[in-house]
Amino acid sequence: MQELCNKEWKGNVRELMNVLERLIVTSSSNKITKEHLQSMNKKQKGPAVFQENSKSLTELIEDYEKTILQEAYNKHKTTVKIAEKLGTSQPTVARKLKKYKIN
């Protein structure tokens with residue numbers, strides 16, 4: 001908890017929520033530790049950044065969504081478990097896995 005409080009959250013509460021969701025999805029244990037946060041910070045490339053003549057907002061969001069779903073699929077394998085961890089419905093997860101050809 002102290003590690004989270006010490007971090008500067010430039011993206012405000014949404015950035016914090018995204019980090020916590022990512023930790024929940026990618027953590028192999030029921031307890032998130034300081035080491036999980038530090039490990040994620042080292043590996044995390046972060047979402048794509050806007051550049052002139054780059055992808056559209058929709059494309060950037062889809063790229064990020066695909067990354068999240070791929071990580072969740074690698075960890076949980078079932079659409080029911082993925083939906084539970086991401087706080088969405090199983091049909092939504094199944095449809096998006098199919099859309100992004102994740103299997």
Side-chain angles (χ1 to χ4, degrees):
M1 188 62 118
Q2 190 62 41
E3 188 78 18
L4 291 171
C5 290
N6 289 338
K7 186 170 172 23
E8 183 178 334
W9 298 103
K10 294 179 183 179
N12 64 38
V13 73
R14 289 184 185 175
E15 181 182 359
L16 173 60
M17 288 173 53
N18 287 335
V19 167
L20 291 174
E21 287 174 9
R22 183 178 214 117
L23 286 169
I24 290 167
V25 169
T26 60
S27 175
S28 58
S29 68
N30 291 334
K31 184 177 180 182
I32 295 173
T33 65
K34 177 180 172 181
E35 288 74 27
H36 287 111
L37 183 61
Q38 291 171 340
S39 173
M40 189 191 82
N41 286 339
K42 290 176 187 172
K43 291 190 280 187
Q44 186 177 10
K45 295 175 186 167
V49 180
F50 171 77
Q51 297 175 356
E52 293 296 325
N53 302 319
S54 181
K55 295 179 178 181
S56 70
L57 177 59
T58 301
E59 292 169 322
L60 292 170
I61 291 169
E62 286 178 345
D63 287 348
Y64 199 52
E65 181 178 59
K66 181 179 179 181
T67 300
I68 292 168
L69 287 165
Q70 183 67 62
E71 288 177 10
Y73 179 80
N74 291 343
K75 175 147 179 70
H76 298 291
K77 302 295 183 200
T78 70
T79 56
V80 172
K81 191 69 170 176
I82 294 168
E84 178 185 312
K85 293 294 183 180
L86 293 178
T88 191
S89 70
Q90 183 277 336
T92 296
V93 169
R95 186 181 74 252
K96 289 180 182 277
L97 291 177
K98 184 177 180 180
K99 173 184 177 180
Y100 296 120
K101 298 179 178 131
I102 298 172
N103 52 14

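What you see below is based on every heavy atom in this structure, not just the backbone, and it leaves out hydrogens, waters and symmetry mates. Keep in mind the model is a prediction, meaning the values are calculated, not measured.
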Heavy-atom nearest pair, Ile102 first then Lys66, reads CD1-O, 3.9 Å
Check whether Tyr73 forms a cation-pi arrangement with Lys75 (NZ or CZ under 6.0 Å from the six-membered ring centre, at most 45° off the ring normal). no
Quick one: hydrophobic cluster around Leu57, which other residues, with the 4.5 Å side-chain cut-off, linked directly or via members? Ile61
Which atom pairs, donor and acceptor, lie under 3.5 Å between side-chain atoms of residues 89-97 and protein residues at least two apart or in another chain?
unit_1: Ser89; atom_1: OG; unit_2: Thr92; atom_2: N; d: 3.2
unit_1: Ser89; atom_1: OG; unit_2: Thr92; atom_2: OG1; d: 2.8
unit_1: Gln90; atom_1: NE2; unit_2: Thr79; atom_2: OG1; d: 2.7
unit_1: Lys96; atom_1: NZ; unit_2: Glu65; atom_2: OE1; d: 3.4
unit_1: Lys96; atom_1: NZ; unit_2: Glu65; atom_2: OE2; d: 2.7

Which residues share a salt bridge (charged side-chain N to carboxylate O under 4.0 Å, His left out) with Lys81, sequence neighbours left out: Glu84
From the options Glu71, Gln70, Lys77, select the one residue that forms a side-chain hydrogen bond (donor to acceptor under 3.5 Å, both in side chains) with Asn74. Gln70
Test of understanding: with side chain to side chain donor-acceptor pair (under 3.5 Å), list the residues that count as partners of Lys99, not counting sequence neighbours. Glu62
Of all residues at least two apart in sequence or in a different chain, which pass the side chain to side chain donor-acceptor pair (under 3.5 Å) check with Glu21? none
Partners of Leu86 by side-chain contact (heavy atoms from CB on, under 4.5 Å), sequence neighbours excluded? Val25, Ile68, Leu69, Ala72, Ile82, Thr88
